[in-house]
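In what follows, every chain begins at residue 1, and chains take the letters A, B, ... in the order their sequences are listed. Computed from heavy atoms alone, side chains included, the values below leave out hydrogens, waters and symmetry copies.
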Number of protein chains: 2
Amino acid sequence: MPQTRRTYRGMSAEERKAERRRQLLAAGLELFGTRGFAETRVDDVCAEAGLTKRYFYESFTSLEELLLAVVEDMLADLTARVVPVIASSGWRDPRPMLSTFIGAMLADPRLVRLLVIETHTGALARQRHHFIERAIDVWLEAAPDRDRDPSLLQTQRLLAHAYAGAIGEVAVAWASGRITMSAEEIIDHLERIFRRISPRAGVAQ
Amino acid sequence: MPQTRRTYRGMSAEERKAERRRQLLAAGLELFGTRGFAETRVDDVCAEAGLTKRYFYESFTSLEELLLAVVEDMLADLTARVVPVIASSGWRDPRPMLSTFIGAMLADPRLVRLLVIETHTGALARQRHHFIERAIDVWLEAAPDRDRDPSLLQTQRLLAHAYAGAIGEVAVAWASGRITMSAEEIIDHLERIFRRISPRAGVAQ
DNA sequence: CGATATTGACACTCACTCGTGTCAGATCGT
DNA sequence: ACGATCTGACACGAGTGAGTGTCAATATCG
């Protein structure tokens, strides 16, 4: 049992631990995002991170905990990028929001696997739903008051899920090479879908 | 090594084997459709089916093979029910198709889990895509000639994926109690979404 | 009733992976 | 340089589940 903590390679104990945790998160993103959670072992993550099991259990107690942390990170990143965009130009022009959100997934197929596919199972489902609910809240926050009509809330919720599902499925189809379009074209189509689905445009029909 | 085959409980050897296979498929639907594939063991399926492992390996070589067979069955059922509906009134009035397709999932939450969630992984992904592609084909088959414009095919494909994703996500949200609406209302909304997304209505806009 | 096919319960081996432990060597503080 | 800490590689036991085998009990045919 070590009594004092020394610096190694110019890093303090906390820095080293944080760095190792970072490496593990990166390894988790890579493996969970490519071969998937079900096919990933603790030793695989360690090998990918260039560490040993000792340091895995230093920061996480199980693979699922690592998965949760990885998804948490990705969703936090995404939220941080998308929220201000929605808040500023969201309701008037949905394209910046779509471009940011979808662009991130099209830029890194691992995100598709991680955020769309893997989040259907287990504890991740809660994160998925929480993220969608938060998206609804943020969106309504930026909306004109008349759209906060409580009778429309259920509809909003349904539409949000429908739209999230549409984006996800298109992203999956693209990631597996079943849709051969440029990111621009895909965003064009999704923007058009969004504009048509949006209740704002829908009240009038 | 048995040399002759006898009848048991009034059934021939083939009938008994077929009956056992049927029981295993039902057990698979129940377990895969509730706790999910990842949490299901061979012994669980056998217990649910009221059989022993011997008879599992009589009809299947692995759990994944059983899963494939179960999904295959469900998709075949769904296809058999939806295709004629599309062929008859599909393009003019999408509601019967939606009612059939979505109604089946809302009537049995196990189908949601099985067809929407579990089909994202492994060999099932191919079945999922194959089903969607087939849906596109059948749909275009019933469409007026002008809609077969090849330049619209890529768009059709994207829209089909988007719509499939929307239905799936809504079904998941409903199955997990996050959407509290009657099946009728949900179908209403999805029909509206469909009518707006449909390229038929979209060319003008 | 006797012989044999069929069945169900269960024991058994094997492979895999988790989580922990050990230990020699590298690195740092003094 | 020396002692203590930190690190990486690997060994080890435990638990789980797959796939196969055994055997007594049961049902059928002659």
Side-chain angles (χ1 to χ4, degrees), chain A residues 1-24 26-28 30-32 35-70 121-123, chain B residues 1-24 26-28 30-32 34-70 118 121-123:
Chain A
M1 185 186 294
Q3 309 203 350
T4 66
R5 308 176 116 202
R6 303 196 302 205
T7 73
Y8 251 73
R9 305 204 181 92
M11 304 165 112
S12 74
E14 292 77 12
E15 288 171 330
R16 275 172 287 150
K17 176 173 175 178
E19 167 68 10
R20 287 190 289 257
R21 185 188 154 94
R22 220 186 45 74
Q23 290 174 277
L24 289 167
E30 173 62 24
L31 296 182
F32 297 151
R35 67 175 71 170
F37 177 72
E39 308 302 323
T40 301
R41 310 281 159 255
V42 173
D43 289 312
D44 298 334
V45 173
C46 295
E48 177 74 24
L51 298 172
T52 56
K53 279 199 277 195
R54 172 202 306 216
Y55 298 109
F56 176 85
Y57 292 107
E58 174 192 44
S59 290
F60 305 97
T61 68
S62 67
L63 264 188
E64 182 147 15
E65 194 174 303
L66 173 62
L67 175 62
L68 279 168
V70 172
T121 318
Chain B
M1 184 187 293
Q3 307 204 350
T4 65
R5 310 174 116 204
R6 304 198 301 206
T7 74
Y8 251 72
R9 304 206 180 92
M11 305 165 108
S12 74
E14 291 78 13
E15 288 170 329
R16 277 172 287 150
K17 176 172 175 178
E19 167 67 11
R20 286 190 291 257
R21 185 188 154 91
R22 219 185 47 74
Q23 289 173 276
L24 289 167
E30 173 62 24
L31 296 181
F32 297 151
T34 53
R35 68 176 69 173
F37 177 73
E39 307 303 323
T40 300
R41 310 283 161 252
V42 172
D43 289 312
D44 298 333
V45 173
C46 295
E48 177 75 23
L51 298 172
T52 56
K53 278 199 276 196
R54 172 203 307 219
Y55 297 110
F56 176 86
Y57 292 107
E58 175 193 43
S59 290
F60 305 96
T61 68
S62 68
L63 264 188
E64 182 148 14
E65 193 174 304
L66 173 63
L67 175 62
L68 279 168
V70 172
E118 300 290 340
T121 318

Nucleotide C:dG19, atom P - distance to OH of A:Tyr55 in whole Å: 18 Å

Set of salt bridge (Lys or Arg N to Asp or Glu O under 4.0 Å) partners for A:Arg41, sequence neighbours left out: none

Please report, rounded to the nearest Å, how far the C1' atom of C:dT6 is from the CD atom of B:Glu58. 11 Å

Does B:Glu58 have any salt bridge (Lys or Arg N to Asp or Glu O under 4.0 Å) partners at least two apart in sequence or in another chain, and if so, which? B:Arg20

Applying side chain to side chain contact (heavy atoms under 4.5 Å, CB included), name anything that partners B:Lys53, two or more places apart in sequence or on another chain. B:Val42, B:Asp43, B:Cys46, B:Tyr57

Between B:Glu19 and B:Met11, what is the shortest heavy-atom contact and its length? CB-CE, 3.9 Å

Show every donor-acceptor pair shorter than 3.5 Å between a side-chain atom in residues 59-70 of chain B and any protein atom, with sequence neighbours excluded, or say none if there are none.
| from | atom 1 | to | atom 2 | distance (Å) |
| --- | --- | --- | --- | --- |
| B:Thr61 | OG1 | B:Glu65 | OE1 | 2.6 |
| B:Ser62 | OG | B:Glu65 | N | 3.2 |

Protein-nucleotide distance (A:Lys17, atom NZ; D:dT5, atom C1'), rounded to Å: 17 Å

Rounded interatomic separation in angstrom, taking CG from A:Leu66 and P from C:dG19: 12 Å

Spacing between A:Glu15 atom CD and C:dT27 atom P, to the nearest angstrom: 19 Å

Contacts under 3.5 Å, N or O only, protein and nucleotides 18-21 of chain D:
| from | atom 1 | to | atom 2 | distance (Å) |
| --- | --- | --- | --- | --- |
| D:dA18 | OP1 | B:Val42 | N | 3.2 |
| D:dG19 | OP2 | B:Tyr57 | OH | 2.6 |
| D:dG19 | O5' | B:Tyr57 | OH | 3.4 |
| D:dG19 | N7 | B:Lys53 | NZ | 2.8 |
| D:dG19 | O6 | B:Lys53 | NZ | 2.9 |

Rounded to whole angstroms, how far apart are CD on B:Glu39 and C1' on D:dT16? 13 Å

Just the rounded figure in Å: distance from P of C:dT27 to CE of A:Met11. 15 Å

Rounded at 0.5 Å granularity, tell me how far CG in A:Leu31 sits from CG in A:Asp44. 6.5 Å

Which atom pairs link the protein and nucleotides 28-30 of chain D when you take only N or O atoms and keep those under 3.5 Å?
| from | atom 1 | to | atom 2 | distance (Å) |
| --- | --- | --- | --- | --- |
| D:dT28 | OP1 | B:Arg9 | N | 2.9 |
| D:dT28 | O2 | B:Arg6 | NH1 | 2.8 |
| D:dT28 | O2 | B:Arg6 | NH2 | 3.3 |
| D:dC29 | OP1 | B:Thr7 | OG1 | 3.1 |

When you measure from the side chain of B:Glu30 to the backbone N and O of B:Glu48, does any donor-acceptor pair fall under 3.5 Å? no

Rounded to the nearest 0.5 Å, what separates atom CZ in A:Phe56 from atom CG in A:Leu51? 11.0 Å

